[in-house]
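The chains referred to below are lettered A, B, ... by the order of the sequence lines, with proteins before strands, and numbering in each begins at 1. Quantities reported herein were computed from a predicted structural model and do not represent experimental measurements. Both backbone and side-chain heavy atoms feed into the values below; hydrogens, waters and symmetry mates do not.
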Amino acid sequence: MKRNKGWVGLLLEHVLGASAGSRPEPDFPELGIELKTLPISSQGKILETTFVSVAPLKGLTGINWQNSWVKKKLKRVLWVPIISDKNIPLAQRQVASAFIWSPTVAEEQLLAMDWQELTDMIVLGEVENIQGKHGQVLQLRPKAANSQAKTQAFNCDGKPFMTLPRGFYLKTYFTQMLLNKHLRIS
DNA sequence: TCCTGATCATAA
DNA sequence: TTATGATCAGGA
């Protein structure tokens, strides 16, 4: 797994017939549903943050929460929890009960607030001051092959410069809430 | 111990 | 290079 991190996700997409590829679209375009695996422990505890999408560092003119990539991706999600304790061999890991989810008003509020705060900082040219600890449910973290990768962004003077690509992640606190809610009603 | 920042594989 | 899929691992 150290060298095949996204393998489980790719397997699920293949088995369930999702449109493969690296397009910035939902896994099931006709249904508008995004497929995401959710690594949990055997106790039902979320083990990792969940990658949502890359963060646009340029071309932000006119975008808001309503038309953001994050909102579109999270409109409908098929969560597939996988028991992924690190002492369990990959071949013996089990898929827990999957569930379809859409944000409630309260949940979307949380997401929108964090998204707005992070996006504001990007627009203001403070990308490099953003750390993973920002936000309650969303965080902005490096999303690259390594720390040497670069993408274009704009600083506070509106001038372009190269910086580390970032991506939006859902914090474990948020995905844990979703999982707990699902467990209660099932 | 856990979270943040870093890293790995692959396609186009 | 940018996008997809994520997990790893060291420092706080």
Side-chain angles (χ1 to χ4, degrees), chain A residues 1-29 32-60 63 68-70 72-74 77-96 98 114 117-118 121-122 126-154 160-179:
Chain A
M1 216 16 134
K2 184 181 290 185
R3 301 180 61 82
N4 287 281
K5 298 180 179 180
W7 191 84
V8 174
L10 295 175
L11 174 66
L12 264 294
E13 288 187 347
H14 177 74
V15 170
L16 297 179
S19 317
S22 59
R23 296 166 305 161
E25 299 172 12
D27 296 304
F28 301 97
I33 292 177
E34 174 76 11
L35 171 67
K36 293 214 164 299
T37 56
L38 208 52
I40 63 175
S41 72
S42 54
Q43 317 303 317
K45 184 180 179 184
I46 302 293
L47 295 177
E48 291 286 349
T49 52
T50 304
F51 171 70
V52 179
S53 77
V54 295
L57 300 181
K58 55 180 180 176
L60 285 158
I63 80 161
S68 68
W69 295 3
V70 175
K72 287 176 184 170
K73 283 230 167 199
L74 297 180
V77 180
L78 174 64
W79 297 104
V80 184
I82 310 239
I83 314 291
S84 303
D85 292 84
K86 293 183 179 178
N87 56 9
I88 301 177
L90 183 60
Q92 292 175 26
R93 292 187 179 178
Q94 297 179 26
V95 177
D114 285 346
E117 180 184 340
L118 293 168
M121 291 188 71
I122 295 173
E126 299 180 46
V127 182
E128 300 193 310
N129 296 325
I130 301 179
Q131 296 175 297
K133 63 184 177 186
H134 278 267
Q136 298 298 304
V137 297
L138 270 182
Q139 59 183 176
L140 201 66
R141 304 228 307 271
K143 174 55 173 149
N146 54 63
S147 59
Q148 309 307 312
K150 291 289 185 292
T151 192
Q152 192 178 57
F154 294 94
F161 70 103
M162 300 305 280
T163 189
L164 193 59
R166 314 299 166 103
F168 284 108
Y169 291 76
L170 289 176
K171 303 190 76 167
T172 56
Y173 164 76
F174 188 75
T175 42
Q176 184 74 65
M177 287 200 322
L178 303 184
L179 187 63

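Mapped onto DNA chain C by nearest heavy atom, P142(A) and W69(A) fall at different nucleotides, with W69(A) at the one closer to the 5' end. Nearest-nucleotide positions on DNA chain C place Q152(A) closer to the 5' end than the other of F51(A) and Q152(A).
Close to dC3(B), at under 4.0 Å from its OP1 or OP2, lies no side-chain N or O of Q139(A). Look at K58(A) and you won't find any side-chain N or O under 4.0 angstrom from OP1 or OP2 of dT1(C). Checking the phosphate oxygens (OP1, OP2) of dA9(B), a side-chain nitrogen or oxygen of R3(A) falls inside 4.0 Å. Dashed line: the shortest gap from a side-chain N or O of T37(A) to OP1 or OP2 of dA6(C) is under 4.0 Å.
Below the 3.5 angstrom threshold, one finds a donor paired with an acceptor across the side chain of K143(A) and the base of dT4(C). Donor-acceptor pairing under 3.5 Å, judged by distance alone, is present between the side chain of K5(A) and the base of dT7(B).
R166(A) places its CZ atom 20 Å from the C1' atom of dT4(C), with the value rounded to the nearest Å. Regarding W7(A), its CH2 atom lies at a distance of 15 Å from the P atom of dA11(B), rounded to whole Å. Rounded to an integer number of Å, the gap from CG of L90(A) to P of dC8(C) is 10 Å.
Using a 4.0 Å heavy-atom criterion, one finds that Y169(A) contacts the bases of the nucleic acid, with or without backbone contacts as well. When heavy atoms are screened at a 4.0 angstrom cut-off, P39(A) is found touching the sugar-phosphate backbone but no base atom. Note on Q148(A): nothing from the nucleic acid sits closer than 4.0 angstrom, heavy atoms only. Contact annotation for G9(A): backbone-only contact, meaning every heavy-atom pair under 4.0 Å involves sugar-phosphate atoms and none involves a base.
Judged by a 6.0 Å distance limit and a 45° cone about the ring axis, K58(A) is not positioned over the six-membered ring of F154(A).
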Run R141(A) and T49(A) through side chain to side chain donor-acceptor pair (under 3.5 Å) and show every step you take. CA-CA 10 Å; R141(A) 304 228 307 271; T49(A) 52; 2.9 Å; yes

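In this structure, of dG5(B), dT2(C), dG5(C), it is dT2(C) that holds the atom nearest to the side chain of T151(A). The L164(A) side chain lies nearest to dA6(B) when the options are dG5(C), dA6(B), dT7(B). Each of dA9(B), dG5(C), dT4(B) was ranked by its minimum atom distance to the side chain of N4(A); first place goes to dA9(B).
Within the 4.5 Å cutoff, the side chain of V8(A) has heavy atoms near those of the L90(A) side chain. The closest side-chain heavy-atom distance from E117(A) to H134(A) is below 4.5 Å.
Between the side chain of Q176(A) and the backbone N or O of I46(A) there is at least one donor-acceptor pair closer than 3.5 Å. Side-chain atoms of D27(A) never come within 3.5 Å of backbone atoms of E34(A) as a donor-acceptor pair (strictly under, hydrogens ignored).
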Any N/O pairs under 3.5 Å between the protein and nucleotides 9-12 of chain C? List them or say none.
| from | atom 1 | to | atom 2 | distance (Å) |
| --- | --- | --- | --- | --- |
| dA9(C) | OP1 | K2(A) | NZ | 3.4 |

